[in-house]
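Start at 1 with the first residue, then count along the sequence. All values below come from the heavy atoms of this structure, side chains included, with hydrogens, waters and symmetry mates left out. In listed order, ligands and their atoms are each counted from 1.
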Amino acid sequence: MSQSNQSQAWIERNDQVIAKTYGRYPLVPVRGAGCKLFDADGKEYLDLLAGVAVNNLGHCPPRVVAALQEQAATLLHCSNFYNIPQQIKLAELLCEHSFAERVFFCNSGAEANEAAVKLARKQSNEKHGSGRTEILTALASFHGRTYCGISATGQDKVKQGFAPLLPGFRHLPFGQIEPLRAAVSDQTCAIMLEPIQGEGGINIPPQGYFKQVRQLCDEHGLLLILDEVQTGCGRTGSLFAYEQEGIAPDIMTLAKGLASGVPIGAMLATEELAAHLGPGSHGSTFGGNPLATAAGIATLETLLDEKVLDNCRTMGAYFKAELVKLQQKYAFITAVRGRGLIIGVEMSIEGGEMVKTAMTRGLLINCTVGKVLRFVPPLIISRAEIDQALNILDQIFSESV
Ligand SMILES: *Cc1c(COP(=O)(O)O)cnc(C)c1O
């Protein structure tokens with residue numbers, strides 16, 4: 001088979017056996033290094049999607065690869081019936097650098113949110129008796145694809161045809177305190193929000209919103225659950241997005257960027273709260289296994305040691321400023337918003353075709369909610385790489401007017 005046919009052959013085989021849950025692009029990545037991805041025919045791409053905000057340290061970060069190789073040759077997995085040193089170390093690191101005192105490990109963002117919702121309801125049940133089970137979440141939110149996840153999510157498109165959903169969720173406008181306040185009742189046990197809505201279109205609430213939400217929770221004895229699955233692990237320029245809001249949650253969920261691409265999820269909570277999930281109340285076979293948590297330790301240590309957060313803030317500010325310049329050039333760009341390296345370009349036109357064109361020109365980007373181009377590149381991206389992306393984007397925009 002000739003080299004240029006390798007990708008096509010994989011695409012045809014994909015069509016035969018893979019469930020059609022994704023409308024996949026005709027791209028077959030086989031190797032990655034830093035911000036670059038290479039397809040089965042050797043073509044190079046600049047990756048500003050990073051596995052959807054997963055590869056925060058770029059593809060195959062050497063320290064994580066080394067930790068994985070060593071751990072794979074030593075102990076891949078053992079049961080949570082035992083004490084797992086890598087899991088303990090990763091939990092210690094997370095607690096040392098956050099509000100949290102206890103960590104539950106699982107394998108994905110949706111599972112982390114499941115754990116958060118279970119903990120919130122268990123705490124409410126043990127503290128207030130049955131009946132106080134409602135969780136307020138936001139319209140346009142995204143919390144994962146399990147039944148709990150789609151029930152919590154404030155977008156109809158993920159729910160269609162899957163009824164009956166998990167009861168006990170109400171969805172209110174994001175970034176507005178009054179509707180949230182009006183929705184609190186004696187049934188409410190928690191408020192669950194993303195610090196910045198990722199899938200929902202890179203929506204950033206007004207300054208001071210989270211202080212008001214925290215205050216509302218405190219007034220009514222509600223738990224504040226922050227879904228930092230996408231915003232956590234350095235994405236917004238601080239290790240966790242909540243740090244920039246001057247508040248702390250009661251529960252936080254992490255996943256995407258936590259182990260550089262090895263599947264992992266984590267639910268973090270205060271000591272007092274976590275006490276409500278006792279032995280036998282929750283679990284996961286793979287959750288926090290030695291392999292995944294070894295990758296998590298190397299990822300977190302790199303994020304903390306290697307000026308990655310500095311780079312994220314500097315490059316994020318640069319990228320956003322340059323995108324604002326493009327906004328001044330193209331009237332169909334209606335907004336540019338972001339923090340650190342989670343950036344959205346809202347347009348008055350559809351972005352789907354732009355994503356395809358960018359791919360043919362060696363640039364991987366994403367479009368969410370139809371008209372928002374989403375950029376979530378590795379946090380180690382260089383100025384030269386951002387310039388390369390901007391050049392391609394400028395070209396594509398100029399062809400779209
Ligand atoms: C991606 C995402 C999830 C779901 O994570 P999975 O690992 O796909 O289950 C949940 N919440 C937010 C905010 C996300 O961005």
Side-chain angles (χ1 to χ4, degrees), residues 19 21-22 24 49-56 104-120 135-155 157-159 162 165-166 169 171 174-175 190-205 210 224-236 240-242 245 249 251-268 284 286-289 292-293 295-296 299 338-344 366-369 372 374-377 379:
T21 57
Y22 283 85
R24 291 173 199 269
L49 181 58
V52 194
V54 167
N55 303 108
N56 288 9
F104 171 82
F105 287 106
C106 50
N107 314 286
S108 68
E111 266 181 88
N113 288 336
E114 293 275 346
V117 167
K118 283 180 75 173
L119 172 54
I135 297 176
L136 306 180
T137 76
L139 289 166
S141 62
F142 183 78
H143 298 293
R145 297 292 195 152
T146 58
Y147 263 103
C148 170
I150 62 174
S151 304
T153 293
Q155 304 185 54
K157 66 178 184 194
V158 305
K159 312 185 189 207
F162 293 120
L165 300 183
L166 194 64
F169 292 94
H171 307 93
F174 185 60
I191 296 176
M192 176 168 171
L193 297 165
E194 297 157 87
I196 294 173
Q197 292 186 327
E199 308 297 319
I202 320 296
N203 303 321
I204 303 180
F210 276 100
L224 177 57
I225 304 171
L226 287 185
D227 179 345
E228 292 232 24
V229 168
Q230 188 157 163
T231 55
C233 307
R235 178 57 51 194
T236 66
F240 307 112
Y242 77 81
E245 302 292 346
I251 302 175
M252 171 170 74
T253 55
L254 300 174
K256 290 190 165 83
L258 185 54
S260 296
V262 179
I264 193 169
M267 191 267 302
L268 287 72
S284 165
F286 290 121
N289 89 3
T293 45
T299 300
R339 187 174 297 159
L341 281 167
I342 176 167
I343 301 177
N366 170 251
C367 179
T368 185
V369 296
V372 179
R374 170 171 53 172
F375 304 101
V376 283
L379 311 183

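Contact of the Thr231 side chain with the Phe240 side chain is not registered, since no non-hydrogen atoms from C-beta on lie closer than 4.5 Å. Contact annotation: the side chain of Leu119 never approaches that of Phe104 to less than 4.5 Å [non-hydrogen atoms, C-beta and beyond]. Inter-residue side-chain proximity for Leu165 and Ile150 is flagged as met; some heavy-atom pair is nearer than 4.5 Å.
Every pair passing side-chain hydrogen bond (donor to acceptor under 3.5 Å, both in side chains) that includes a residue from residues 192-202 is listed here, sequence neighbours excluded: Gln197-Asn203, Glu199-Gln230, Glu199-Arg374.
A search for side chain to side chain contact (heavy atoms under 4.5 Å, CB included) contacts involving Glu114 returns Thr146, Cys148, not counting sequence neighbours.
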Show which side-chain atoms of residues 251-266 pair as donor or acceptor with protein atoms under 3.5 Å away, not counting sequence neighbours.
{"residue": "Thr253", "atom": "OG1", "partner": "Asn113", "partner atom": "OD1", "Å": "2.8"}
{"residue": "Ser260", "atom": "OG", "partner": "Thr299", "partner atom": "OG1", "Å": "2.7"}

Quick check on ligand 1: any N or O pairs to the protein under 3.5 Å? One line per pair.
{"residue": "ligand 1", "atom": "7 (O)", "partner": "Gly109", "partner atom": "N", "Å": "2.8"}
{"residue": "ligand 1", "atom": "9 (O)", "partner": "Gly109", "partner atom": "N", "Å": "3.4"}
{"residue": "ligand 1", "atom": "9 (O)", "partner": "Ala110", "partner atom": "N", "Å": "2.8"}
{"residue": "ligand 1", "atom": "11 (N)", "partner": "Phe142", "partner atom": "O", "Å": "3.2"}
{"residue": "ligand 1", "atom": "11 (N)", "partner": "Asp227", "partner atom": "OD1", "Å": "3.3"}
{"residue": "ligand 1", "atom": "11 (N)", "partner": "Asp227", "partner atom": "OD2", "Å": "2.7"}
{"residue": "ligand 1", "atom": "15 (O)", "partner": "Gln230", "partner atom": "NE2", "Å": "2.8"}
{"residue": "ligand 1", "atom": "15 (O)", "partner": "Lys256", "partner atom": "NZ", "Å": "2.6"}

